[in-house]
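FYI, the numbering just counts along the sequence from 1. All values reported here derive from a predicted model rather than from experimental measurement.
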Amino acid sequence: IVTPLGLPVTVVGVKRSEAEGGVGSMWAKFQGGYLSPLRPKNAIEFEEQGYRRAHEGLHILRNKELFETKRQELLDAANPNAQKEKKPKKEKKGGGKKKKK
């Protein structure tokens, strides 16, 4: 979901409140890891307040980044003595601005 301010959040679930007669509130996780309830209670309120569904491509990218992070953690745990390969630095070719005489 994208908030009215343009911040992407991930919906993590719904928590029911017995004080409100069993009505639940949707909880979201912000990029910094902060968990917060969202105020709207139904789809109409979400739309009226400016929330919108994120593009499907963003879901795929988020899952890809998560997969790569977890994969690297598993590889590091399986072989702690392996050194990470460093990319060789590219040699600079003589391009760029020339000094005026």
**Student:** Side chain to side chain contact (heavy atoms under 4.5 Å, CB included) with T10: which residues, sequence neighbours excluded?
**Tutor:** R62
**Student:** Apply the side chain to side chain contact (heavy atoms under 4.5 Å, CB included) test between K29 and each candidate in V12, V9, V11; give the one that qualifies.
**Tutor:** V12
**Student:** Quick one: side chain to side chain contact (heavy atoms under 4.5 Å, CB included) partners of Y34, sequence neighbours excluded?
**Tutor:** F30, S36
**Student:** Nearest 0.5 Å please: distance from the CE atom of M26 over to the OH atom of Y51.
**Tutor:** 10.0 Å
**Student:** Do I1 and L7 belong together in a cluster built from hydrophobic side chains that touch within less than 4.5 Å?
**Tutor:** yes
**Student:** Would you please name every residue forming a side-chain hydrogen bond (donor to acceptor under 3.5 Å, both in side chains) with E68, sequence neighbours left out?
**Tutor:** K64
**Student:** Looking at residues at least two apart in the chain, or sitting in another chain, which of them share a side chain to side chain contact (heavy atoms under 4.5 Å, CB included) with E48?
**Tutor:** I44
**Student:** Within a 6.0 Å radius of atom CD on E47, are there more than 12 heavy atoms belonging to other residues, nucleotides or ligands?
**Tutor:** no
**Student:** Can you tell me how far the CG atom of L38 sits from the CD atom of Q49, to the nearest 0.5 Å?
**Tutor:** 9.5 Å
**Student:** Once rounded to the nearest 0.5 Å, what's the spacing between atom CZ of R71 and atom CG of L74?
**Tutor:** 9.5 Å
**Student:** Who passes side chain to side chain contact (heavy atoms under 4.5 Å, CB included) against K15, sequence neighbours left out?
**Tutor:** W27
